[in-house]
Amino acid sequence: MSTRKYTALEQVRLDKIQRLREMGIEPYPPRAERTHTTQEARQAFEEAERQGKETGPEVTVAGRIRSMREMGKITFAHIEDEHGKIQLFFQANTLGKERLRFFNKMFDIGDFIQARGHLFRTRSGEISVWVHDFKMLAKAITPLPPDKRTKHTPFSDPELRYRQRYADLAVHPEVRDIFRKRAAIVRALRDFLDRHGFLEVETPILQLIYGGAAARPFVTYHNLLKQRLYLRISFELYLKRLLVGMFERVYEIGRDFRNEGISFKHNPEFTQLECYMAYADYRDMMDFVEQMLVEVVEKVLGSRKFTYQGHEIDLTPPWRRVALRDALREATGIDIAQHPTGESLLAAMKERGIEPPRAAPRGKLIDWLLSTYVEPKLIQPTFVYDYPRDISPLAKSKPDDPNTVERFELFIGGMELGNAFTELNDPLDQEARFLEMGRTYAADDEERHPLDEDYLQALRYGMPPNAGFGMGIDRLTMLLTDQPSIREVILFPHLRPEKGGATEGEKGQTPSTPERVFAKIAAATGEDA
RNA sequence: GGGCGCGUAGCUCAACUGGCAGAGCAGCGGCCUUUUAAGCCGUUGGUUGGGGGUUCGAGUCCCUCCGCGCCCA
């Protein structure tokens with residue numbers, strides 16, 4: 001019994017499976033006997049040609065049928081494996097009429113096949129396998145979608161491409177290339193950090209107290225321990241504990257989870273790199289990041305320059321460094337230094353016809369101005385530095401200006417790519433900041449964070465001065481693969497369920513606070529919350 | 001969360017002010033011994049995203065729900 005109804009097209013192929021089995025042919029045999037990839041087969045033939053031969057060696061190739069052209073007593077087909085295609089040539093004189101008919105009738109585009117034969121060139125010059133024998137490796141039931149380049153019927157529906165990424169990948173080699181490049185980026189970052197004395201570590205994803213960023217968490221529940229847990233929104237507080245533990249340089253590459261909106265640059269789970277360097281400050285970190293990205297990009301792309309969405313981006317150092325105050329003054333005419341309070345800043349904004357979406361504290365207004373008026377224009381790599389203290393509770397204040405912290409964000413291609421501070425290592429100041437945040441944020445503000453007493457305890461043992469940096473791997477991949485949406489660089493991006501919509505009983509109401517969610521989870525799992 | 005747009009055959013898309021749901025591709029049957037967007041002849045295929053309403057009559061108009069995209073938060 002099937003979990004869904006088969007289409008008429010699928011039914012045809014199911015019938016073929018049935019008939020194959022009746023003929024004693026297993027449509028899903030356990031083993032293949034490939035001797036050459038398509039690439040190796042072509043190379044083998046070219047080698048034979050260099051030796052003056054007209055035919056190449058006998059090879060057994062395997063792959064997915066991508067096209068079939070039946071022409072009476074001969075049939076052409078292309079098969080594809082991971083790295084390329086090769087044409088198969090089936091001829092009645094070689095195989096016998098019945099065997100050729102068997103191929104024509106029982107094999108379809110999308111099936112995996114293995115074919116043995118010698119290599120040759122067709123009259124039109126294409127290297128092909130003159131098939132002596134062939135074998136079904138895996139019968140496809142659902143027809144493959146046509147690829148994007150097919151003139152009449154491109155497979156272009158983004159929803160279907162993301163929902164059925166396997167089909168998208170199967171027919172679009174260039175989509176496979178994005179993920180190869182992504183792997184190369186991560187490898188190059190690791191390599192760079194390892195060579196610079198960083199230790200790669202893994203810290204908890206399930207956390208009792210979340211922190212390190214301003215974001216809403218996903219919540220979950222450990223049944224046996226009756227523990228409320230959060231999926232981490234950043235690695236920051238754990239990695240910095242390791243500096244207390246006398247590791248001087250640590251990094252982690254992994255998944256963060258943020259229970260927030262989805263957009264072309266936001267996915268609920270995304271991959272982050274964070275690294276921490278003892279005895280360095282945020283200026284050292286700028287130099288380090290510059291060096292790291294230049295090297296990574298050169299390794300992956302072979303150049304310091306690349307095009308992102310029509311913009312030529314040049315990573316040749318030194319990158320522009322601009323104080324947040326100057327960047328905002330340039331973009332909006334407002335000097336935030338003249339407006340030490342939210343009220344004053346808001347008044348200045350309104351004077352210039354700038355209307356924020358909602359009333360907010362000073363730091364949040366500045367953040368909004370930055371992302372609205374500055375960020376989209378920062379195409380070339382730019383460090384924006386010196387941020388308001390109240391939106392940076394983990395960063396150290398500037399010695400001469402307690403309301404400004406030593407923090408920078410990195411922008412490339414109009415996107416925020418990374419964030420860094422001279423880390424706050426004064427346990428008393430950190431405690432004061434946590435308490436201050438608790439007062440500034442309304443009790444029901446979902447970005448209000450619980451106070452992490454254990455983190456303060458770690459600081460009390462003494463943490464060396466250090467700088468930390470976090471960067472979105474997905475966004476870096478977007479830049480280096482010239483993709484306009486984060487979904488193009490995540491293999492299985494988050495989508496709503498195709499059917500059903502909201503979970504039963506939750507329609508129309510969002511359980512907005514973790515407390516309410518815990519109550520629901522506990523009820524659903526039969527545990528006391 | 002808000003605004004705009006989209007949802008029709010397996011895929012890509014048509015269908016005027018409401019009036020017989022169509023094409024190309026693929027599929028199926030046939031012809032074809034060097035094709036590669038093969039070609040030629042014939043042919044099958046529909047819960048028009050789900051539900052409700054208006055109407056003699058709804059793909060089209062109204063309400064609602066679901067999904068996707070773009071823009072805004």
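We name chains A, B, ... by the order of the sequence lines, and we start the count at 1 in each one.
A gap of 36 Å separates the P atoms of B:C6 and B:U43, to the nearest Å. As rounded to the nearest Å, B:G42 and B:G59 have P atoms that lie 31 Å from one another. With both ends at atom P, the span from B:A21 to B:A38 equals 34 Å, rounded to whole Å. Distance check on atom P: B:C13 versus B:C70 gives 16 Å, rounded to whole Å. Nucleotides B:U17 and B:C61 have their P atoms positioned 9 Å apart, rounded to a whole Å. On the P atoms, B:U44 is 38 Å away from B:G5, given to the nearest whole Å. Between the P atoms of B:U12 and B:G51, the separation comes to 22 Å (whole Å). Rounded to the nearest Å, the gap between the P atom of B:G57 and that of B:G67 is 32 Å.
Between the OH atom of A:Tyr6 and the C1' atom of B:G10 there is a distance of 15 Å, given to the nearest Å. When the P atom of B:U33 is taken as reference, atom CZ of A:Arg101 falls 15 Å away, rounded to whole Å. Going from atom CD1 of A:Ile109 over to atom P of B:G27 covers 5 Å, rounded to whole Å. Taking atom CD on A:Gln309 and atom P on B:C70, their separation rounds to 11 Å, with Å as the unit. Here the P atom of nucleotide B:G10 and the CD1 atom of A:Ile141 are 17 Å apart, to the nearest Å. If you measure from atom CG of A:Leu160 to atom P of B:G10, you get 12 Å, rounded to the nearest angstrom. Distance CZ (A:Phe89) to C1' (B:U36): 13 Å, rounded to an integer number of Å. Taking atom CZ on A:Arg161 and atom P on B:U12, their separation rounds to 12 Å, with Å as the unit.
Ring geometry for A:Trp130 against A:His118 counts as parallel: the plane angle stays under 30°, on a 0 to 90° scale with 60° as the upper cut.
Not one side-chain nitrogen or oxygen of A:Arg69 sits closer than 4.0 Å to the OP1 or OP2 atom of B:U35. Taking only side-chain nitrogens and oxygens, A:Lys105 comes nearer than 4.0 Å to OP1 or OP2 of B:G29. Between A:Lys97 and B:U33 there is no side-chain N or O to OP1 or OP2 distance below 4.0 Å.
Across all strands shown, B:C6 is found opposite B:G67 as a Watson-Crick or G-U wobble partner, with both distances under 3.5 Å. Searching all strands for a Watson-Crick or G-U wobble partner of B:U47 with both distances below 3.5 Å returns nothing. Shown here, B:U36 forms no base pair; nothing in the strands shown gives a Watson-Crick or G-U wobble contact with both key distances under 3.5 Å. Across all strands shown, B:G59 forms no Watson-Crick or G-U wobble pair with both key distances under 3.5 Å. B:U12 is paired with B:A23 under the Watson-Crick or G-U wobble criterion, all donor-acceptor distances under 3.5 Å.
Interface remark: the A:Thr122 side chain does form a donor-acceptor pair with the B:U35 base, using a distance-only criterion of under 3.5 Å. Contact of A:Ser124 with B:U35 (side chain to base): a donor-acceptor pair of N or O atoms is detected under 3.5 Å. No hydrogens or angles were tested; on distance alone, a donor-acceptor pair under 3.5 Å links the side chain of A:Gln87 to the base of B:U35.
Nearest to the side-chain atoms of A:Asn93 among the listed nucleotides B:U34, B:U33, B:C68 stands B:U33. Here the side chain of A:Met71 is nearest to one of B:C68, B:G27, B:A38, namely B:A38. The A:Arg487 side chain lies nearest to B:G69 when the options are B:U34, B:A26, B:G69. For A:Arg123, taking side-chain heavy atoms from C-beta onward, the closest of the listed nucleotides B:G27, B:A73, B:U34 is B:U34. Residue A:Phe264 places its side chain closer to B:C71 than to any other of B:C71, B:G69, B:C32.
Taking the six-membered ring for Trp, A:Phe134 and A:Phe90 have ring centres closer than 6.0 Å.
A salt bridge links A:Arg99 with A:Asp133: the distance from a Lys NZ or Arg NE/NH1/NH2 to an Asp or Glu carboxylate oxygen falls below 4.0 Å. Checked for salt-bridge contact, A:Glu49 and A:Arg121 meet the test: a charged N lies under 4.0 Å from a carboxylate O. A salt bridge is defined here as a Lys NZ or Arg NE, NH1 or NH2 lying under 4.0 Å from an Asp or Glu carboxylate O, and A:Glu274 with A:Arg232 fails to meet this definition.
In terms of position on RNA chain B, the residue among A:Lys16 and A:Pro143 whose nearest nucleotide sits closer to the 5' end is A:Pro143. With RNA chain B read from its 5' end, the first of the two nearest nucleotides for A:Ala92 and A:Glu126 is the one closest to A:Ala92.
Just one residue in the list A:Arg182, A:Lys265, A:Arg255 forms a salt bridge (charged side-chain N to carboxylate O under 4.0 Å, His left out) with A:Asp474, and that residue is A:Arg182.
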Full working for side-chain hydrogen bond (donor to acceptor under 3.5 Å, both in side chains) between A:Arg69 and A:Gln87: CA-CA 11 Å; A:Arg69 290 173 296 283; A:Gln87 182 169 256; 2.9 Å; yes

Evaluate salt bridge (charged side-chain N to carboxylate O under 4.0 Å, His left out) for A:Glu488 paired with A:Arg161, printing each intermediate quantity in order. CA-CA 10 Å; A:Glu488 294 292 345; A:Arg161 285 187 47 234; 2.9 Å; yes

